2 protein chains.
Amino acid sequence: MSGLDRVDAKIVQRMQKDGKLSNTKLASELALSETACWRRLKRLEEEGVITDYQANLDRRKLGFGVMAFVQLTCNQHDAETTERFERTIEQCENVMACHNTTGEADFLLQVVAIDLDDYSRFVDQVLRKLPGVSAISSNISLRELKSSTRLPV
Amino acid sequence: MSGLDRVDAKIVQRMQKDGKLSNTKLASELALSETACWRRLKRLEEEGVITDYQANLDRRKLGFGVMAFVQLTCNQHDAETTERFERTIEQCENVMACHNTTGEADFLLQVVAIDLDDYSRFVDQVLRKLPGVSAISSNISLRELKSSTRLPV
DNA sequence: CACTCATTGAAAGAACTCCCTCATAAAAAT
DNA sequence: ATTTTTATGAGGGAGTTCTTTCAATGAGTG
């Protein structure tokens, strides 16, 4: 960990678990003075170690019954095609994440949809129309054994 | 969306973007009274629509240079093997997410590691030793085109 | 030792937030 | 139309939090 000591690690660890934790409580948990804790926290935010705070939502309670991982293979790799591809992905709200990966396929997308109909429509109308895509392979999540966005600090 | 009106949607949308937003500010942004806003927020939390709050961290700044998606195929599906499998996954901090999926493989894991050495060690010492695993296919992220944990409310 | 540099701790006022109470208004139901 | 239910607004007190200032401690260096 680049330049982070034990105390910093505990701070980010703690804030990852409870983003609403006040500096006051955080300080007392770490047996640190309010001031020292506050400055560390601010530094971690300024340095970008802590990027932001967010509320986590229950996707099912919001009506997103489907979560899928899609592997895309491309056959065109020129600049323009790539750029159009990336722009579409960026704008598409259903796409939560998109990674350029090693392996058979070129991209792996994490996608949410209301239901299978909605998902199917998304694949047909968005993914199949993406420029340069030659293969699409869907892996729909049947069950989330584990799902967190917390790094093992 | 099950029982959420337009205002609720805006609340979760807003809190997803900024988990530290105070009720006071949220209310004034939505042109709502503090009281009404507060009660809605509490309700959303109680109903579990908002599950929790967290600080998001920059994985690279914490030294996690590798993020990979691993597909596992299993050949044993009896209760005991499954349970041991799930327990291991649950405890393993490197594994950020694990989904039982449709498609060729049975599981898709999202894994972080310090570097490729660390990742390789993880695959050999943890994944290969998992009970009933017959195939492992790694897809390492070369680039994150998009990475969010925000639902398109 | 004297010096710097970095980090910490205590204190305190201003600012802000939470959360409750009471009253009002709109909507739904009987 | 009357009652019941549900959501809203205004106000305000109690409590908490932020953020600054000033002093102290300790580590490392010449």
Side-chain angles (χ1 to χ4, degrees), chain A residues 1-64 114 149-153, chain B residues 1-64 114 149-153:
Chain A
M1 299 197 192
S2 30
L4 298 198
D5 63 13
R6 201 61 48 84
V7 181
D8 288 334
K10 276 194 181 163
I11 291 178
V12 294
Q13 194 175 28
R14 201 63 196 75
M15 293 310 288
Q16 232 190 166
K17 278 208 203 105
D18 181 4
K20 283 220 135 164
L21 200 60
S22 72
N23 178 64
T24 313
K25 282 185 190 151
L26 179 63
S28 88
E29 276 192 25
L30 303 188
L32 204 64
S33 84
E34 218 175 313
T35 320
C37 191
W38 181 76
R39 274 190 291 239
R40 280 172 178 271
L41 193 55
K42 285 300 159 207
R43 179 171 50 77
L44 290 166
E45 288 172 0
E46 273 161 23
E47 285 175 354
V49 176
I50 294 176
T51 57
D52 64 329
Y53 297 86
Q54 80 168 75
N56 288 325
L57 310 180
D58 183 325
R59 75 160 216 270
R60 288 169 189 285
K61 293 207 166 128
L62 288 163
F64 295 100
I114 303 298
T149 54
R150 272 167 212 144
L151 294 165
V153 185
Chain B
M1 298 191 196
S2 30
L4 299 198
D5 64 12
R6 201 61 49 82
V7 181
D8 288 335
K10 276 192 182 166
I11 290 178
V12 294
Q13 195 175 26
R14 200 63 195 75
M15 294 309 289
Q16 233 190 164
K17 277 206 204 110
D18 180 5
K20 283 220 135 163
L21 201 59
S22 71
N23 177 64
T24 314
K25 282 183 190 152
L26 179 63
S28 88
E29 276 192 26
L30 302 188
L32 204 64
S33 84
E34 216 177 314
T35 320
C37 191
W38 181 76
R39 273 189 293 236
R40 292 177 98 107
L41 193 55
K42 285 299 159 207
R43 180 172 49 77
L44 290 166
E45 288 171 359
E46 273 163 23
E47 285 175 354
V49 177
I50 294 176
T51 56
D52 64 328
Y53 297 87
Q54 80 168 78
N56 288 324
L57 310 180
D58 183 325
R59 77 159 215 270
R60 287 171 189 285
K61 293 208 167 127
L62 288 164
F64 295 101
I114 303 298
T149 54
R150 274 168 211 143
L151 293 165
V153 185

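Not measured: the values here are computed from a predicted model. Within every chain, numbering begins at 1; the chains are lettered A, B, ... in the order of the sequence lines, protein sequences first and strands thereafter.
Not one N or O on the side chain of A:Asp58 forms a donor-acceptor pair closer than 3.5 Å with the backbone of B:Thr51. No side-chain donor-acceptor contact under 3.5 Å links A:Lys10 to the backbone of A:Leu30. Checked by atom type and distance alone, the side chain of A:Asp52 never pairs as donor or acceptor with a backbone atom of B:Lys17 at under 3.5 Å. Side chain of A:Gln16 to backbone of B:Leu57: no donor-acceptor contact under 3.5 angstrom is found.
At least one side-chain heavy atom of A:Met15 sits under 4.5 Å from a side-chain heavy atom of A:Leu41. Taking the side chain as every heavy atom from C-beta outward, A:Leu44 and A:Leu4 approach each other to under 4.5 Å.
Residues from residues 16-27 of chain B lying near DNA chain C, meaning a heavy-atom separation below 4.0 Å, are B:Ser22, B:Asn23, B:Thr24, B:Lys25 in numerical order.
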Begin with the C-alpha distance, continue with both residues' side-chain angles, and end with the deciding distance and a verdict on salt bridge (Lys or Arg N to Asp or Glu O under 4.0 Å) for A:Lys61 and B:Glu47. CA-CA 9 Å; A:Lys61 293 207 166 128; B:Glu47 285 175 354; over 6 Å; no

side-chain contact (heavy atoms from CB on, under 4.5 Å) between A:Arg39 and A:Lys42, intermediate numbers included: CA-CA 5 Å; A:Arg39 274 190 291 239; A:Lys42 285 300 159 207; 5.7 Å; no

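The interatomic distance linking A:Glu45 (CD) with D:dC18 (C1') rounds to 12 Å, in whole Å. The CZ-C1' distance, from B:Arg43 to C:dC19, rounds to 17 Å in whole Å. What separates NZ of B:Lys42 from C1' of D:dT8 is a distance of 19 Å, to the nearest Å.
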Would you tabulate the nitrogen or oxygen pairs shorter than 3.5 Å linking the protein to nucleotides 8-15 of chain C?
unit_1	atom_1	unit_2	atom_2	d
C:dT8	OP1	A:Arg40	NE	3.2
C:dT8	OP1	A:Arg40	NH2	2.7
C:dT8	O4	A:Arg39	NH2	3.3
C:dG9	OP2	A:Ser33	N	2.8
C:dG9	OP2	A:Ser33	OG	3.3
C:dA10	N6	A:Thr35	OG1	2.8

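The phosphate of D:dT19 (OP1 or OP2) has a side-chain N or O of A:Trp38 nearer than 4.0 angstrom.
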